[in-house]
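This report refers to the structure that appears directly beneath it.
In this text, all values refer to a predicted model and were calculated from it rather than measured experimentally. Numbers for residues simply follow the sequence, beginning at 1.
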Amino acid sequence: MPVVTKKKAAAKKNVIKLKFDTNWSYAPAPESKSAASINSQYDLFINGGWQKPSSKKYFNTINPATEETLSEVADASETDVNKAVTAARNAYEKYWKKIPAKERGKYIFRIARMIQEKARELAIIETLDGGKPIRESRDFDVPTAANHFFYYAGWADKLEYAFPNRRTEPLGVAGQIIPWNFPLLMAAWKIAPALATGNTVVLKPAETTPLTALKLAEIIQESDLPPGVVNIITGAGATGAAMVNHPDINKIVFTGSTEVGKIIQRAIAGTNKKVTLELGGKAANIIFEDAPIDQAVEGVINGIYFNQGHVCCAGSRLYVQESIVKEVIRKLKDRIETLIVGDPLDKNTDIGAINSQQQLETIHKYLKLGKQEGAEMYESSCRLPSKGFWCRPTMFTNVAQSSRIAQEEIFGPVLSILTFRTDDEVIEKANNSPYGLSAGVWTDKGSKIFNMTKRMRAGVIWANTFNKFDPTSPFGGYKESGFGREGGLHGLSAYVNLIG
Ligand code: NAP
Ligand code: MG
């Protein structure tokens with residue numbers, strides 16, 4: 001809350017000065033866990049029902065904010081992957097490719113509406129299982145997941161308009177493997193366009209965040225979608241590898257690290273499988289001296305710190321024009337101090353828990369490296385909870401273009417700040433990265449925006465905003481950020497053969 005102080009001289013002229021006191025705090029506003037029901041154990045969702053894993057093995061999924069176990073989920077072996085693929089193949093051949101497109105659309109609409117009905121529960125579970133603030137899961141993840149189903153439901157019976165003068169044919173069975181940073185949203189990105197185009201699905205969520213995908217399986221079961229059209233199986237990397245290597249899968253759709261993306265590409269080389277890879281990123285966010293600075297600073301904060309920096313398109317490399325660098329750094333420091341780190345279920349929280357111990361160790365490795373490389377580190381002075389995995393919002397100044405903290409994906413609330421003088425210089429620096437997923441430009445000049453976006457090698461470029469998503473816009477990368485696009489019309493074409 002701003003504290004209003006009337007200084008004598010100012011009062012004379014009837015001017016009220018606002019001074020921001022950063023020592024205030026909000027009263028806790030935790031969302032209730034009781035609105036979410038989580039089973040103590042989950043089996044595999046195969047052929048419209050729940051099947052025990054053939055290995056009889058289960059693994060725990062924990063709440064990274066408390067380290068408490070939330071549930072245990074089945075570990076799918078190659079035998080289970082086989083069962084799921086067989087169910088998907090039968091569903092594809094027997095009915096899904098045959099039913100009228102309009103009927104496919106109705107099922108997808110139903111799933112979208114059911115996600116909306118269960119939005120509160122899904123948001124709570126997403127936050128408990130993954131550590132992200134409830135504000136993010138409630139206001140972004142869950143509504144955007146529902147929007148993807150709505151959007152692609154609309155396309156199901158209009159494919160001839162999506163691809164004028166061409167006929168489309170589904171690919172068959174899609175194997176979909178997703179990461180832990182947007183578990184429900186990534187499942188929606190993958191399942192909705194696959195179903196709309198007449199494909200059936202086997203989906204594997206990440207090991208640390210399986211619960212919302214399993215809740216989605218419950219929704220799918222309740223929606224009466226024919227058995228086997230969507231199968232959801234849990235497991236670790238080996239389960240994903242068994243999917244990638246399965247001979248009866250026609251398309252692999254993967255979102256995750258560049259490292260695993262490369263393994264997948266090698267594994268399917270020489271086979272008939274198609275593939276879409278959405279991989280890592282190291283987005284350049286560029287502030288010119290003519291930009292609205294306060295707005296840009298807020299965009300930078302939103303782009304890297306909210307969601308703990310667990311965002312593939314996070315603006316983790318900040319390029320600031322030299323003439324304004326002092327001002328921008330001062331404002332960023334002030335703003336970082338006000339970010340609320342803590343209980344992800346609290347509606348005031350800006351930065352929740354780091355997803356896993358392993359990810360926290362990766363972030364710490366980079367913090368150490370940044371200091372060794374000679375950069376100056378600044379972190380918020382906030383206190384961290386004693387249990388769970390946490391990282392203060394951190395930024396590095398004096399970062400060299402060649403530093404590893406400027407080149408490699410950290411995937412945490414860590415910003416590397418670099419400077420530039422001219423347009424040409426910043427374009428060269430921004431493009432000098434193995435990645436090319438996203439970028440941002442902050443300037444007052446429309447012509448500069450067009451000039452920059454034309455020359456930058458990134459799949460998505462935001463201008464005077466950051467991290468904005470919509471089901472109608474395609475998303476995907478250049479270079480080591482992968483290939484293929486998801487979202488929009490491009491997202492449909494990833495699941496069809498075009499004929500004629
Ligand atoms: P990851 O380690 O690559 O895992 C992604 C998924 O692949 C998980 O389900 C994982 O299972 C599975 N997997 C692991 N090894 C596999 C293998 N050999 N074969 C097949 N599947 C395998 O990535 P992550 O750490 O979960 O996610 C973070 C990464 O995802 C970051 O690099 C981020 O940039 C990227 N990402 C990209 C986008 C995009 O749209 N471009 C969006 C979100 C995230 P386990 O969980 O059991 O290991
Ligand atoms: Mg978890």
Q: Starting at NE2 of His490, measure out to OG1 of Thr472 and round the result to the nearest 0.5 Å.
A: 11.5 Å
**Q.** Working for side chain to side chain donor-acceptor pair (under 3.5 Å), residues Asn147 and Thr144
**A.** CA-CA 5 Å; Asn147 283 349; Thr144 317; 5.3 Å; no
Q. When you check the side-chain N and O atoms of Ser54 and Lys83, is any donor under 3.5 Å from an acceptor?
A. no
**Q.** Backbone of Gly488 reached by a side-chain donor or acceptor of Tyr152 within 3.5 Å
**A.** yes
**Q.** Met186 side chain reached by Glu278 side chain, heavy atoms, under 4.5 Å
**A.** no
Q) Considering only heavy atoms from C-beta outward, does the side chain of Pro133 approach that of Arg138 to under 4.5 Å? A) no
Q.
Please find the pair of heavy atoms, one from Gly240 and one from Ile177, that lie closest to each other, and give the distance.
A. O-CD1, 3.6 Å
Q) If you round to the nearest 0.5 Å, how far is OG1 of Thr394 from OH of Tyr305? A) 6.5 Å
**Q.** CA sep, side-chain torsions, deciding dist, call: Lys333, Glu337, salt bridge (charged side-chain N to carboxylate O under 4.0 Å, His left out)
**A.** CA-CA 6 Å; Lys333 282 181 180 171; Glu337 271 301 297; over 6 Å; no
(Q) Does this structure show an ion pair linking Arg113 with Glu117, if we count only N-O contacts that are shorter than 4.0 Å? (A) no
Q: Find the distance between CD1 (Ile232) and OH (Tyr42) and round it off to the nearest 0.5 Å.
A: 12.0 Å
Q. Got a donor-acceptor contact below 3.5 angstrom from the Asp346 side chain to the Asn348 backbone?
A. yes
Q. Considering only heavy atoms from C-beta outward, does the side chain of Ile351 approach that of Trp390 to under 4.5 Å?
A. no
Q) Got more than 12 heavy atoms from elsewhere within 6.0 Å of NZ, Lys57? A) no
Q: Decide yes or no for His246 and Val173: does some side-chain heavy atom of the first lie under 4.5 Å from some side-chain heavy atom of the second?
A: no
Q | Within-4.5 Å side-chain heavy-atom neighbours: Thr255 and Pro179 | A | yes
Q) Regarding Ser481 and Lys282, is there a side-chain donor-to-acceptor distance under 3.5 Å anywhere? A) no
Q.
How long is the straight-line distance from OG of Ser257 back to CD1 of Ile264, given to the nearest 0.5 Å?
A. 8.5 Å
Q. Got a donor-acceptor contact below 3.5 angstrom from the Thr349 side chain to the Leu345 backbone?
A. no
Q: Decide yes or no on side-chain contact (heavy atoms from CB on, under 4.5 Å) for Val142 and Arg120, but give the supporting numbers first.
A: CA-CA 9 Å; Val142 178; Arg120 184 170 174 212; over 6 Å; no
Q) Would you say Lys33's side chain and Ile124's backbone share a donor-acceptor pair under 3.5 angstrom? A) no
Q | Minimum-distance pair of heavy atoms, taken over all atoms of Pro193 and Ala188 | A | CD-O, 3.8 Å
(Q) Using modelled atom types and a 3.5 Å cut-off, is there a donor and acceptor pairing between side-chain atoms of Asn231 and backbone atoms of Val202? (A) no
Q.
Please check if the number of heavy atoms outside Gln41 that lie under 6.0 Å from its CD is greater than 12.
A. yes
**Q.** Residue that, paired with Glu361, satisfies side-chain hydrogen bond (donor to acceptor under 3.5 Å, both in side chains) out of Gln359, Gln358, Gln357
**A.** Gln357
Q. Hey, does Ile219 have a side-chain heavy atom less than 4.5 Å from the side chain of Leu122?
A. yes
Q: Would you name the heavy atoms of Cys313 and Ala283 that are closest together and state the gap between them?
A: O-CB, 3.7 Å
Q) Under 3.5 Å, is there a donor-acceptor pair linking the side chains of Trp50 and Gln221? A) yes
(Q) Which residues pass the side chain to side chain donor-acceptor pair (under 3.5 Å) test with Tyr378, not counting sequence neighbours? (A) none
Q.
Let me confirm one number: the CG-CG distance from Asp80 to Leu44, rounded to the nearest 0.5 Å.
A. 5.0 Å
Q: Hey, can you tell me if Trp189 and Phe475 have their rings parallel, tilted or perpendicular (30° and 60° cut-offs)?
A: perpendicular
Q) Does Arg485 use its side chain to pair, donor to acceptor, with the backbone of Gly477 at less than 3.5 Å? A) yes
Q. Do Phe140 and Leu185 pass the side-chain contact (heavy atoms from CB on, under 4.5 Å) test, and can you show the C-alpha distance, the side-chain angles, and the key distance before you say yes or no?
A. CA-CA 9 Å; Phe140 177 70; Leu185 181 59; 3.7 Å; yes
Q) Taking the six-membered ring for Trp, are Phe469 and Trp462 parallel (under 30°), tilted (30 to 60°) or perpendicular (over 60°)? A) perpendicular
**Q.** Heavy-atom side-chain proximity of Asn285 to Trp442 below 4.5 angstrom
**A.** yes
Q: Find out whether the Lys NZ or Arg CZ of Lys190 is both under 6.0 angstrom from the six-membered ring centre of Tyr495 and within 45° of the ring's axis.
A: no
Q: Take Ile286 and Met456, measure what side-chain contact (heavy atoms from CB on, under 4.5 Å) needs, and give me the verdict at the end.
A: CA-CA 11 Å; Ile286 302 168; Met456 281 163 73; 3.8 Å; yes
**Q.** Sidechain-backbone polar pair: Arg392 side chain, Cys382 backbone, donor-acceptor under 3.5 Å
**A.** yes
(Q) Can a donor-acceptor pair be found, under 3.5 Å and without considering hydrogens, that links the side chain of Glu67 to the backbone of Ile62? (A) no
Q.
Taking Thr212's backbone N and O only, do any of them form a donor-acceptor pair with Glu126's side chain (distance below 3.5 Å, no angle check)?
A. no
Q.
Here's a test for you: under side-chain hydrogen bond (donor to acceptor under 3.5 Å, both in side chains), which of Asn355, Asn63, Thr209, Thr61 qualifies with Asp129?
A. Thr61
Q | N-O pairing of Glu408 and Lys365 below 4.0 Å | A | no
Q) Leu216 and side-chain contact (heavy atoms from CB on, under 4.5 Å): which partner among Leu184, Leu203, Val230, Leu211? A) Leu184
**Q.** Atom CD of Glu78 with >12 non-hydrogen neighbours under 6.0 angstrom
**A.** no
Q: Inspect the contact between Glu480 and Lys262 and indicate whether a charged nitrogen and a carboxylate oxygen are less than 4.0 angstrom apart.
A: yes
**Q.** Reported CG-to-CG distance for the pair Asn307 and Asn467, which is rounded to 0.5 angstrom
**A.** 8.5 Å
Q: Go through the steps for Met395 and Ile304 under the test side-chain contact (heavy atoms from CB on, under 4.5 Å), then give the verdict.
A: CA-CA 10 Å; Met395 59 193 223; Ile304 181 69; over 6 Å; no
**Q.** Option from Asp343, Asp141, Asp350 for which salt bridge (Lys or Arg N to Asp or Glu O under 4.0 Å) with Arg135 holds
**A.** Asp350
Q) Which class fits the ring pair Trp180 and Phe411: parallel under 30°, tilted 30 to 60°, perpendicular over 60°? A) perpendicular
**Q.** Check: Tyr58/Asp43 side-chain N/O donor and acceptor closer than 3.5 Å
**A.** yes
Q) Do the side chains of His310 and Lys132 get nearer than 4.5 Å, heavy atoms only? A) no
Q.
For Glu68 and Lys387: C-alpha separation, side-chain torsions, deciding distance, then whether salt bridge (charged side-chain N to carboxylate O under 4.0 Å, His left out) applies.
A. CA-CA 10 Å; Glu68 284 161 2; Lys387 275 222 135 202; over 6 Å; no
Q. Is there a donor-acceptor pair under 3.5 Å between the side chain of Glu409 and the backbone N or O of Gly281?
A. yes
